[in-house]
Amino acid sequence: MRTKVRKQLHSTFKVLMAGRLPRFVPLADPVAGPAELMWSATLRPKLTFFLYLTALENQDVFTVELGWSDDGTFPWQNDSFKFENVEVPKGRARLSCLWTVDGRDRGWAVVPVQTSEQLRAKLDAMSRGDWETVQQIRKSLEVSPEEAARRVPPLANDGFERIVHYGLPLFRRIARAHGIEWNPEFDDLGNMGTRR
């Protein structure tokens, strides 16, 4: 993700997290790079939840991962990237796996990536030596960093709303599976979908 676009993404997510998910605190992880942000919320010493925002390197696309662990560390070495077994001590997966029918990962494309039709048209034009068409296709995919940055807030809001709609119920399910009753102590985490 281009720097200007990534800065807008990070800025937007930080505001959303601080305002609506205050129980999640920013987490500095030595493994996470500059394109990534992490937050954690510890419910009990044996259960911590994570939100992991990643801006992809070579595309203006971002993803959100959810995770949990029984030792307070992000589950980097997790073998399972599905949410089927919430009883395990550690787990993580992409948020989009919770709503996609096929279970495939879906990121948020600030600038849509080239479609297979566009690729075929470009390759066909290249094989014919039609460089004007090739240039038209390339130009149709170009978006300035300023325009891309303007596209970030609605996409970040959508990602955040999906955390609230899909991620928080999963965290409740994980807490129950780990023997932690959801009680008033967790109300700020349990009612995160309500605006303050």
Side-chain angles (χ1 to χ4, degrees), residues 1-21 26-27 29 31-39 50-67 74-76 78-84 91-168 170:
M1 183 172 279
R2 293 173 284 181
T3 302
K4 186 175 196 111
V5 182
R6 185 181 71 237
K7 285 180 179 180
Q8 179 65 51
L9 174 66
H10 286 184
S11 170
T12 303
F13 250 90
K14 286 175 181 178
V15 168
L16 290 167
M17 292 297 292
R20 294 191 52 205
L21 297 180
L27 181 66
D29 190 289
V31 180
E36 303 158 336
L37 292 177
M38 296 180 79
W39 292 268
F50 299 92
L51 295 170
Y52 178 44
L53 174 70
T54 302
L56 300 186
E57 244 179 82
N58 299 319
Q59 302 174 36
D60 288 329
V61 175
F62 68 91
T63 63
V64 176
E65 284 189 25
L66 305 176
F74 188 80
W76 292 111
N78 186 47
D79 292 336
S80 171
F81 289 90
K82 301 276 183 192
F83 294 121
E84 289 128 10
R92 86 181 229 231
R94 294 271 170 91
L95 172 65
S96 62
C97 293
L98 291 171
W99 75 81
T100 56
V101 177
D102 57 7
R104 293 182 59 197
D105 177 33
R106 303 277 192 276
W108 285 264
V110 177
V111 176
V113 294
Q114 180 173 271
T115 66
S116 57
E117 292 82 19
Q118 289 167 321
L119 177 60
R120 276 194 292 274
K122 187 169 76 176
L123 292 174
D124 182 52
M126 290 171 84
S127 70
R128 294 188 324 266
D130 183 356
W131 302 112
E132 186 177 321
T133 300
V134 171
Q135 281 303 101
Q136 289 172 347
I137 293 170
R138 284 186 180 148
K139 284 190 184 287
S140 74
L141 298 171
E142 290 177 8
V143 175
S144 72
E146 294 76 21
E147 173 58 27
R150 282 191 289 276
R151 295 178 181 185
V152 167
L155 294 170
N157 281 317
D158 180 67
F160 186 84
E161 291 303 323
R162 290 181 188 258
I163 290 169
V164 171
H165 187 74
Y166 294 99
L168 298 183
L170 173 72

Nearest non-hydrogen partners of Pro75 and Gly67, listed with the distance
CG-CA, 4.5 Å

How close do Val111 and Ala148 get, counting heavy atoms only, and between which atoms?
CG2-CB, 3.8 Å

Does any non-hydrogen side-chain atom of Leu21 lie less than 4.5 Å from one of Ile163?
yes

I'd like to know if Arg151 and Glu147 make a salt bridge, using a cut-off of under 4.0 Å between side-chain N and carboxylate O.
yes

Can you list everything that forms a side-chain contact (heavy atoms from CB on, under 4.5 Å) with Ala109? Sequence neighbours excluded, please.
Val61

Do Leu155 and Phe62 have side-chain heavy atoms sitting under 4.5 Å apart?
yes

Interatomic spacing from CD in Gln8 to CG in Asp60 - rounded to 0.5 Å
12.5 Å

How far apart are the C-alpha atoms of Trp108 and Val152, what are their side-chain angles, what is the distance that settles it, and do they pass the side-chain contact (heavy atoms from CB on, under 4.5 Å) test?
CA-CA 9 Å; Trp108 285 264; Val152 167; over 6 Å; no

Could you work out, with side-chain contact (heavy atoms from CB on, under 4.5 Å) as the rule, every residue matching Thr3, not counting sequence neighbours?
Arg6, Lys7

Return the set of residues passing side-chain hydrogen bond (donor to acceptor under 3.5 Å, both in side chains) with Thr54 (not counting sequence neighbours), or none when no residue passes.
none

For Val134 and Ala125, work out which heavy atoms get closest and say how close.
CG2-CB, 3.7 Å

Using side-chain heavy atoms (C-beta onward) and a distance below 4.5 Å, is Leu37 in contact with Met17?
no

Could you go through the salt bridge (Lys or Arg N to Asp or Glu O under 4.0 Å) check for Arg2 and Glu146 one step at a time?
CA-CA 10 Å; Arg2 293 173 284 181; Glu146 294 76 21; over 6 Å; no

Approximate separation, where rounding is to 0.5 Å, of Leu16 CG and Glu161 CD:
8.0 Å

Going by the rule salt bridge (charged side-chain N to carboxylate O under 4.0 Å, His left out), which residues pair with Glu117 if we only count those two or more places apart in sequence or in a different chain?
Arg120

Can you pull the salt bridge (Lys or Arg N to Asp or Glu O under 4.0 Å) pairs that have at least one residue in residues 50-59, sequence neighbours excluded?
none

Identify, with sequence neighbours excluded, every residue that meets side-chain contact (heavy atoms from CB on, under 4.5 Å) alongside Gln136.
Glu132, Thr133

Lys14, Lys4, Met1 screened by side-chain contact (heavy atoms from CB on, under 4.5 Å) with Leu9, the one that passes:
Met1

Using modelled atom types and a 3.5 Å cut-off, is there a donor and acceptor pairing between side-chain atoms of Arg92 and backbone atoms of Trp76?
yes

Hey, what do you get for CD (Glu65) to CZ (Phe74), rounding to the nearest 0.5 Å?
5.0 Å

For Phe13, which of Asn157, Leu51, Val64 qualifies under side-chain contact (heavy atoms from CB on, under 4.5 Å)?
Val64

